[in-house]
Amino acid sequence: MTARPRWRAVGRDGEEIVIVEVAADLGELARRRVPAHAWATLVAEIEASADDVPARWVWSDTTRWYQALLAAGVIVARCHDLRLSHAILRASDLVTDAHDLRAAEEWDAPPSAPTTAAAPALFDLGEASGRVGVPDDIDAVLAEFRREERAVAETSEPGRLRLLLAAESAGALLAEEMHAAGLPWSRAVHEEILERTLGARPAPGTHAPRVQELAAAIRTALGDPAASLDSQPKLLRSLHRVGVTAASTSRWELAEYDHPVIAPLLQYKKLTRLASANGWAWLDEWAGGGRFRPVYVPGGVVTGRWASSGGGALQLPRQLRAAVRADPGWTLVVADVAQLEPRVLAAMSGDTALADAARGRDLYEGIVAGGAVPTRADAKIAMLGAMYGATTGDSGRLVPALRRTYPRAMGLVDDAARAGEAGGTVRTWLGRTSPASSADWRETQSRAGAPEATAADQSSARRSARDRGRFTRNFVVQGTAAEWALAWLADLRGALLAMPETSPSSAAAASGAAFSRRPHLCFFLHDEIIVHTPTDQANEVAEAVARSAANAATLLFGRFPIDFPLDLRITDDAAK
DNA sequence: AATACAAGCGCG
DNA sequence: AAAGCGCGCTTGTATT
């Protein structure tokens, strides 16, 4: 009999969709063709009859293929996203011969744009020509998949890279799922916050009442009833006229001055920021229907962190968190990891002293207890300085104390900085490699080494070398933290999908066909997550969240004794 | 009129 | 008190 498929590659062939079963040796086992309109149904059947370890869907770009499935209520267990995997592998210095991958430039495309009415999705036929993005015909998909698989198999660390690609691809599934489910958002609570802070909703083109009052107070303090407050150069000149000699209008600098204009001006900036970034217009555009649906962009940051586009999902002010409200009969499980990056640093460097400081408590208190620095505030500022490359100020002064106490951890980031300054690349724990230096950067360095180099050439080269060193220093930590978070998400996603569905009568209709009846992730921000769940499953979900964090630690760091404690709460209101 | 850039501030 | 990493978004100004 035929071997079981390990993968199911999917791609287009003209108007039809082709599914190719691929064996472990990359050989083709079977091929079936379906009309585009029947594809979602077929996927649902295949997923429903899947084994414990189902074949992984292999497709060009999750965004392009998965949206239509989710709209039809179909969830898939696992996938391999060729576009995201290509980006990791072509840049990885673990891949000894990336020539073929790099030659396949058609796979270097940026993320697909989100589907809108103006830009129809995959299954709105007739729109395929002229599409930008990676290829999706079945032959190109199979060829790229084989290139990627062979590249991984030839490396010295296939296990780590496979884990990274699986985590990245799981993230791609989740990004679409969270977009489809949306973050439950209370218009009433949001409006209440806006009205309490800004006053009644203003007519278009005018400021809210509190903003107008502040503007009047500022103009009085400036002695200029016509002063312009929204143009930085004009505002700065007005400030200079009343003796506030700041060099910029930034909050930090203004706060230095003692003048009656300062307090209302700082408040004015705060309120206009809220009004323009997350005011009524934002509410209407992004969260009016009871869900906020940001577009997550997995792998959107070079370090492997996610980016986002639309609605500023990664910048939701804490002030508005209270507007995140569970549906009736549902609740939220909110969790974040305390001090993720230094914990990851302890584990990846094998620094048992730092891991001891991290164990079972606040890591910064642990550093104080270890005697490196006197206070928690010092510990935090020193650790951030070590991971970001601070050289001046309090932060820079405190770093040497950490270097003495945690030589392995500090050695890892110092080595990463040195590699970057020298023009080299660095790797995360699972093998994501930092970008090579740019031609401009190398040119700057070589100019400084030439006999005719000026002092300006040399200082410019030193500056760009240090800039790059700070980037690679942080890359290893930020990138490995992103990998830990992805492992956490992916494991939790599996656990949530294994939970039973709730009854139709208590469905969260706005969460869409795929998620209205089961606990689902609805928000992710670097080191924190929110799960929207039927209330009677909340305890089980909370346990799964904690268990997945422990699983992620083991998956990445094996038996190394490092804790990732969660701040975990079950609440109807994400602000609490 | 359209586009590019810088400042400023929100998040981790 | 505001440097040291990574982002997105809005606004005003400069450029074309």
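Values reported hereafter were calculated over all heavy atoms of this structure, with side chains retained and with hydrogens, waters and symmetry mates removed. Keep in mind the model is a prediction, meaning the values are calculated, not measured.
- At a threshold of 4.0 Å, the pair A/Arg473-A/Asp414 counts as salt-bridged, since one of the basic side-chain nitrogens sits closer than that to a carboxylate oxygen.
- For the residue pair A/Glu253 / A/Ser248, a side-chain donor-acceptor distance below 3.5 Å is found, with atom types taken as modelled.
- Distances from the side chain of A/Ser248 to the nucleotides B/dG8, B/dC9, C/dG12 place B/dG8 closest.
- For the pair A/Asp394 CG and C/dG4 P, the computed distance is 13 Å after rounding to whole Å.
- Side chain of A/Arg343 to backbone of A/Ala358: a donor-acceptor contact under 3.5 angstrom is found.
- A cation-pi arrangement, defined by a distance under 6.0 Å to the six-membered ring centre and an angle within 45 degrees of its axis, is present between A/Arg468 and A/Trp441.
- Per the geometry, CG belonging to A/Asp230 stands 13 Å off P belonging to B/dC9, to the nearest Å.
- If you check every strand for non-hydrogen atoms under 4.0 Å, A/Thr391 touches nothing.
- Among the nucleotides C/dT13, C/dG6, B/dC9, the one closest to the side chain of A/Lys234 is C/dT13.
- Evaluated for a side-chain contact (heavy atoms from CB on, under 4.5 Å) with A/Leu89, the options A/Leu94, A/Leu165, A/Leu84 yield exactly one hit, A/Leu165.
- The aromatic ring centres of A/Phe557 and A/Trp484 sit 6.0 Å or more apart.
- In this structure, A/Leu254 atom CG and B/dG8 atom P are separated by 9 Å, rounded to whole Å.
- Relative to the side chain of A/Ser250, the nucleotides B/dG8, C/dT10, C/dC5 differ in distance, and B/dG8 lies closest.
- One can find a donor-acceptor pair under 3.5 Å joining the base of B/dG12 and the side-chain atoms of A/Arg305.
- The residue A/Glu253 sits apart from the nucleic acid: no heavy atom pair falls under 4.0 Å.
- Atom P of nucleotide C/dG6 and atom CG of A/Asp527 are separated by 18 Å, given to the nearest angstrom.
- Residues A/Phe292 and A/Trp282 place their aromatic rings such that the two centres sit under 6.0 Å apart.
- If you find the closest nucleotide of DNA chain C to A/Trp282 and to A/Val301, the one lying nearer the 5' end belongs to A/Val301.
- A/Ser395 comes within 4.0 angstrom of a nucleotide base, judged by non-hydrogen atoms across all strands.
- Nearest to the side chain of A/Pro317, among B/dG10, C/dG8, C/dG12, sits B/dG10.
- For A/Lys380 and C/dA1, the NZ to C1' distance is 15 Å, given to the nearest whole Å.
- Listed for the A/His207 side chain is no donor-acceptor partner under 3.5 Å among the backbone atoms of A/Thr272.
- Near DNA chain C, meaning a heavy atom under 4.0 Å away, the residues from residues 466-475 of chain A are A/Arg470, A/Phe471, A/Asn474.
- Phosphate contact (OP1/OP2 of B/dC9, side-chain N/O of A/Lys269, threshold under 4.0 Å): present.
- Within the 4.0 angstrom heavy-atom criterion, no nucleotide atom of any strand lies near A/Gly393.
- Listed pair A/Ser231 / C/dT11 fails the phosphate criterion, with no side-chain N or O lying under 4.0 Å from OP1 or OP2.
- Residue A/Trp252 places its side chain closer to C/dA2 than to any other of C/dA2, B/dG12, B/dG10.
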Checklist entry - Which is it for A/Gln445 and A/Ser464 under the side-chain hydrogen bond (donor to acceptor under 3.5 Å, both in side chains) test, yes or no, and what are the steps along the way? => result CA-CA 8 Å; A/Gln445 299 305 314; A/Ser464 69; 2.9 Å; yes
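- Counting non-hydrogen atoms under 4.0 angstrom, A/Thr272 reaches nothing in the nucleic acid.
- Taking every side-chain heavy atom of A/Arg273 into account, C/dG8 is the closest of C/dG8, C/dG12, B/dG12.
- A/Glu256 comes within 4.0 angstrom of the backbone, heavy atoms only, and of no base.
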Checklist entry - In dot-bracket form, how is DNA chain C paired, counting a Watson-Crick or G-U wobble pair only if both its distances are under 3.5 Å and using | for bases paired to another strand? => result ....||||||||||||
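- Taking atom CG on A/Leu236 and atom P on B/dA6, their separation rounds to 18 Å, with Å as the unit.
- In terms of phosphate contacts, A/Arg251 brings a side-chain nitrogen or oxygen within less than 4.0 Å of OP1 or OP2 of B/dG10.
- One finds no salt bridge joining A/Glu421 and A/Arg418 here, because no Lys/Arg side-chain nitrogen approaches an Asp/Glu carboxylate oxygen to under 4.0 Å.
- Ranking C/dA3, C/dC9, C/dC5 by closeness to the A/Gln315 side chain, first place goes to C/dC9.
- Residue-level contact check: A/Leu340 touches neither bases nor backbone, having no heavy atom under 4.0 Å from any strand.
- Put simply, CG on A/Asn278 is 15 Å from C1' on B/dG8, counting in whole angstrom units.
- For A/Thr249 and B/dA7, the shortest distance from a side-chain N or O to OP1 or OP2 is not below 4.0 Å.
- For A/Gln232 against C/dG12, no side-chain N or O and base N or O form a donor-acceptor pair under 3.5 Å.
- Within 4.0 Å (heavy atoms only), A/Gly310 reaches sugar-phosphate atoms of the nucleic acid but no base atom.
- Rounded to whole Å, atom C1' of C/dA1 lies 14 Å from atom CG of A/Leu266.
- Nucleic acid contact for A/Gly311: sugar-phosphate only, since backbone atoms but no base atoms lie under 4.0 Å from a heavy atom of the residue.
- A distance of 11.0 Å separates OG1 in A/Thr331 from CZ in A/Arg325, rounded to the nearest 0.5 Å.
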Checklist entry - Going through the distances and angles, do A/Gln339 and A/Asp362 end up as a side-chain hydrogen bond (donor to acceptor under 3.5 Å, both in side chains)? => result CA-CA 8 Å; A/Gln339 305 113 20; A/Asp362 182 283; 3.3 Å; yes
